[in-house]
Amino acid sequence: MLKTALHFSHQLLSECINPGECVVDATMGNGHDTVFLSQLVGETGHVYAFDIQDKAIESTQKKLTEQSIQNATLIKDGHEHAVSHLPYNIKIKAAIFNLGYLPRGDKHITTTSNTTLTAINQLLSILEESGRLVLVLYSGHEEGMSEKNDVLAFAETLPQDNYSVLTYQFINQQNNPPSVLCIEKKRA
Ligand code: SAH
């Protein structure tokens, strides 16, 4: 069976992340990706996770505590300020964005084109060679549709000498299922 967008996003991450590496969860939400990343980088690696809502930090912290996870730092700020919270000169191997609004949360608090693009640019500037930015894009709501279009328009302009850019999308399904965008930094 073909993988869902969410499963494919995890495959893209697990293929490129090794124990000991530093990675970013740009949208903590309920913390599923933070936990997944923390397992991939192991005790010697580190996850920096961002969200602007207390609710997201609380449910992620709960998961970390329940699973005795100690290699993740939860940061309450927008991902557009990510680099200012990370150690000086750090390189990251991967980042995941799960865009849109928090499931069962306030649907008005959603990621937006401007801040998402700022974050993508910042994180690309500290991405290691053969590292990946993975984005799960939701077009089922109006803000999500324009955000998806803006992010894809930007990604299409990335120079092919430096980046490989991939989309993964079911094109015959109703109700706009999520799709995946992956930007991989090529070896110099
Ligand atoms: N749409 C996904 C879940 C997305 S959760 C699903 O259905 O499974 C997206 C999270 O991004 C929310 O918790 C929201 O608070 C957070 N968010 C919104 N703007 C943000 C920003 N600028 N920086 C970091 N997180 C942000």
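Bear in mind that the values here come from a model prediction, so they are computed numbers and not experimental data. Read the numbers this way: they start at 1 and go in the same order the structure lists the ligands and their atoms.
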Which protein non-hydrogen atom lies closest to [atom], naming both residue and atom, and how far is it?
atom                    : answer
atom 3 (C) of ligand 1  : Y101 O, 3.4 Å
atom 23 (N) of ligand 1 : H79 N, 2.8 Å
atom 6 (C) of ligand 1  : Y138 OH, 3.3 Å
atom 26 (C) of ligand 1 : I52 CG1, 3.9 Å
atom 13 (O) of ligand 1 : D51 OD2, 2.7 Å
atom 18 (C) of ligand 1 : T111 CG2, 3.6 Å

Validation row: T118, H81 side chains within 4.5 angstrom (heavy atoms):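 No, side chains not in contact.
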Minimum non-hydrogen distance to atom 11 (O) of ligand 1, winning option of T115, D106, T27, T112: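 Checking each option, the heavy atom nearest atom 11 (O) of ligand 1 is found in T27.
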Nearest neighbour of atom 22 (N) of ligand 1 from the list K107, E80, R104, on a heavy-atom basis: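 Result: the heavy atom closest to atom 22 (N) of ligand 1 is in E80.
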Short N-O contact, [X] and [Y], less than 4.0 angstrom:
X   : Y    : value
E15 : R132 : yes
K62 : E58  : no
D54 : K76  : yes

Ligand 1 contact on L99 by region, counting heavy-atom pairs under 4.0 Å: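 For L99, only backbone atoms sit under 4.0 Å from ligand 1.
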Mode of A119 contact toward ligand 1 - side chain, backbone, both, neither (heavy atoms, under 4.0 Å):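 It is neither part, as no heavy atom is under 4.0 Å.
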Side-chain donor-acceptor contact under 3.5 Å, S164 with Q160: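 No pair is found: no donor N or O on one side chain lies under 3.5 Å from an acceptor on the other.
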Exercise: do D25 and T34 side chains pair donor with acceptor under 3.5 Å: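 A donor-acceptor contact under 3.5 Å links the two side chains.
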What atoms of ligand 1 come within less than 4.0 Å of a heavy atom belonging to [X]?
X    : answer
N98  : 2 (C), 3 (C), 4 (C), 5 (S), 9 (C)
A26  : 24 (C), 25 (N)
G100 : 9 (C)
P103 : 3 (C), 6 (C), 7 (O), 8 (O)
G29  : 13 (O)

F170 side, atom CZ; N176 side, atom CG - distance, nearest 0.5 Å: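 Answer for the CZ-CG pair, F170 versus N176, is 14.0 Å.
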Straight-line distance of H7 NE2 to S9 OG, nearest 0.5 Å: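 Atom-to-atom, H7:NE2 and S9:OG are 9.0 Å apart.
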Residue pair T116, S113: steps toward the side-chain hydrogen bond (donor to acceptor under 3.5 Å, both in side chains) verdict: CA-CA 5 Å; T116 299; S113 291; over 6 Å; no
Check against side-chain hydrogen bond (donor to acceptor under 3.5 Å, both in side chains), H79 and T115: CA-CA 7 Å; H79 42 223; T115 44; 4.6 Å; no
